[in-house]
S.K.: 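Next up is a structure, given as structure tokens.
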Amino acid sequence: MFNSYCLIFNCLITFITLQNVEGSVSFPKDFIFGVATSAYQIEGAWNESEKSESNWDYKTHFYPENVNDHSNGDIACDSYHQIDEDLKIIRELGVQSYRFSIAWTRILPDGFSNRVNEDGIRYYNKLIDGLLRYNITPSVTIYHWDHPQSLQEMGGWTNTLMIDLFADYARIAFEYFGDRVKHWITFNEPDLFCSDIKRGTVFSDGFGRYLCAYIMLKAHAKTYHIYKNEYYIKQKGKIGITYSSTWHEPKTNSTEDIAAAKRALEFELGLFANAIFSKDGDFPKIVKERVAFMSARQNFSKSRLPELTSEEIKTIHGTADFFGINHYTSDLVSDPSWESFEVSYDVDVHVDRGVDPSWPGSESGWLRDVPWGLHHLLVYIKDTYNNPIVYITENGFSQFELQDDGRVNYFKGYLESVANAIAEGCNVLGYYAWSLMDNFEWNAGYTHHFGLYHVNFSDPNRARTPRRSAFWYKDFITDQKS
Ligand SMILES: *[C@@H]1O[C@H](CO)[C@@H](O)[C@H](O)[C@H]1NC(C)=O
Ligand SMILES: *[C@@H]1O[C@H](CO)[C@@H](O)[C@H](O)[C@H]1NC(C)=O
Ligand SMILES: *[C@@H]1O[C@H](CO)[C@@H](O)[C@H](O)[C@H]1NC(C)=O
Ligand SMILES: *[C@@H]1O[C@H](CO)[C@@H](O)[C@H](O)[C@H]1NC(C)=O
């Protein structure tokens with residue numbers, strides 16, 4: 001599988017790393033190690049065989065200045081044409097599972113479910129069958145930020161029509177792929193796509209994010225019930241949702257800072273997770289009280305946070321078989337001295353954020369290597385949400401060099417944190433490294449490199465080359481499974 005250079009390199013790395021790994025960290029026998037990507041970030045072929053324009057196609061084409069290097073995902077890693085190459089490198093890593101997402105615009109170009117694009121279906125079928133042939137479990141995200149631009153023009157995730165349209169789209173995914181896909185994720189990181197409603201307007205900051213949370217929760221719950229009522233009996237799969245959260249550590253042990261850190265977690269994670277996973281459902285009490293208080297001070301007739309009816313609370317509660325979490329880094333949160341009554345999400349959250357400068361940095365300004373943060377976050381999820389089944393659906397570090405020692409250290413530390421959390425009773429069943437290969441990193445374009453594999457974006461073939469971390473991860477998994 002590897003060329004001879006790689007084989008020699010691999011041996012060297014094995015020799016070096018096993019001594020650090022062996023004995024120090026141990027995962028349960030059936031723990032799943034995986035690797036993740038998403039459609040817009042890797043597929044390219046943005047306008048091929050009937051695929052329609054997505055919100056990300058539109059944004060990057062018409063507002064390139066919002067992307068660091070003014071790039072887009074038109075070609076990306078060219079994965080639409082390189083299934084065999086992708087399957088080869090996934091296999092090389094020795095992972096048990098591959099997490100990828102479906103492009104709504106590729107299988108339902110009109111956004112509606114009345115017309116299915118067979119070429120899109122063929123692409124995902126070939127990928128799924130290729131994975132299963134090698135005993136690699138597909139974990140499929142139905143929505144990873146890209147939807148038809150035609151629906152964006154109707155307001156996207158602030159239009160309640162999205163609830164039914166999304167559920168119809170998900171139904172097509174179950175219909176066509178559910179015989180083989182047993183691990184579904186409805187949404188990836190609602191906190192992030194809901195923060196991207198329409199930047200810089202009062203609507204976005206003070207209303208849009210909350211409205212998006214409400215609509216997303218209803219779309220998720222509807223989809224979950226469709227799966228359980230109509231597909232589960234035959235398909236017997238699991239369906240969950242993936243959040244993102246930074247770990248917010250109180251900067252000091254003062255009551256105020258501890259409350260500020262809790263507030264940051266409730267606004268980032270709780271806003272989307274509480275209604276599904278908490279004991280009583282609904283939006284978190286802290287968020288409801290804070291937004292209601294601010295809205296009243298701002299002379300609104302009611303809270304800017306939509307109120308869930310008791311019927312909605314019941315319908316949304318418990319609608320997930322697992323809790324997916326994407327986690328990258330931590331910060332230090334304190335209670336601010338400033339006061340403001342501006343209509344804005346950040347004012348609602350009302351915290352100051354900082355970092356410890358001794359935490360090792362990455363290629364991305366926002367990402368530092370703080371392995372204990374993941375341990376704290378997993379214990380927080382266990383305690384706050386009644387110890388759900390957890391999959392870490394993304395975790396990774398950005399570094400360009402092929403000798404990516406920073407990334408290897410990061411993975412070592414974070415995996416050890418996961419093992420410690422499991423030893424303390426956290427119900428974590430899997431871990432997916434982000435990412436299989438360098439890709440279009442949203443507003444960072446191609447300037448931040450998260451790949452276990454380097455991708456040459458000047459090469460028409462988009463050649464993939466393993467970094468040191470690819471060998472390290474492979475050896476780590478082999479060691480855990482032997
Ligand atoms: C697809 O987009 C490319 C630019 O990325 C353009 O050159 C090409 O003509 C388009 N193809 C179709 C079929 O529209
Ligand atoms: C806060 O208290 C905890 C537990 O006593 C301790 O581990 C931690 O270091 C303290 N943090 C700070 C910033 O003093
Ligand atoms: C809300 O109304 C009160 C009473 O009329 C007024 O004093 C205050 O300035 C208003 N607040 C805002 C944010 O407009
Ligand atoms: C990337 O691809 C280009 C074009 O094929 C080639 O000239 C260049 O040497 C490659 N770069 C690396 C680092 O392999």
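Counting convention: from 1, in listed order, for ligands and their atoms alike. Positions are given from 1 along the sequence.
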S.K.: Any cation-pi pair here, R209 with Y345, using under 6.0 Å and within 45°?
M.R.: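 Pair R209/Y345 counts as cation-pi.
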S.K.: So, do W56 and W46 have ring centers that fall under 6.0 Å from each other?
M.R.: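 Not under 6.0 Å, so no.
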S.K.: Less than 4.0 Å from atom 14 (O) of ligand 2, is there any heavy atom belonging to the protein?
M.R.: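 For atom 14 (O) of ligand 2 the answer is yes, since some protein heavy atom falls inside 4.0 Å.
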S.K.: Students should be able to answer this: which protein heavy-atom is nearest to atom 11 (N) of ligand 1, and at what distance?
M.R.: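 I find the closest protein heavy atom is N47 ND2, 2.9 Å.
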S.K.: Give me the residue, atom name and distance of the protein heavy atom closest to atom 12 (C) of ligand 2.
M.R.: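 Looking only at protein heavy atoms, the one closest to atom 12 (C) of ligand 2 is N253 ND2, 3.6 Å.
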S.K.: Which atoms of ligand 2 are found less than 4.0 Å from any heavy atom of K251?
M.R.: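 Going through ligand 2 atom by atom, the ones under 4.0 Å from K251 are 13 (C).
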S.K.: Please report whether atom 2 (O) of ligand 2 has a protein non-hydrogen atom at a separation of less than 4.0 Å.
M.R.: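 Neighbour list for atom 2 (O) of ligand 2 includes protein heavy atoms (cut-off 4.0 Å).
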S.K.: Cation over ring, R464 on Y453, under 6.0 Å and within 45°?
M.R.: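 Cation-pi check for R464 and Y453: fails.
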S.K.: For N395, run the side-chain contact (heavy atoms from CB on, under 4.5 Å) check against W434, Y431, Y432 and tell me which one passes.
M.R.: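 The side-chain contact (heavy atoms from CB on, under 4.5 Å) with N395 is passed solely by Y431 among W434, Y431, Y432.
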S.K.: Give the atoms of ligand 3, by number and element, whose distance to some non-hydrogen atom of N299 is under 4.0 Å.
M.R.: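 Near N299, meaning under 4.0 Å from one of its heavy atoms, ligand 3 has 1 (C), 2 (O), 3 (C), 8 (C), 10 (C), 11 (N), 12 (C), 14 (O).
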S.K.: If only side-chain N and O atoms count, and only distance matters, is there a donor-acceptor pair under 3.5 Å linking E153 with Y58?
M.R.: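 Short answer, no.
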S.K.: Do the numbers put R171 on top of the ring of Y176, so that NZ or CZ is under 6.0 Å from the six-membered ring centre and no more than 45° off the axis?
M.R.: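 Judged by the rule, R171 and Y176 form no cation-pi pair.
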S.K.: For atom 5 (O) of ligand 1, is the nearest protein heavy atom closer than 4.0 Å?
M.R.: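 There is a protein heavy atom less than 4.0 Å from atom 5 (O) of ligand 1.
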S.K.: Can you confirm whether some protein heavy atom lies under 4.0 Å from atom 9 (O) of ligand 2, or whether none does?
M.R.: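 No, because not a single protein heavy atom sits under 4.0 Å from atom 9 (O) of ligand 2.
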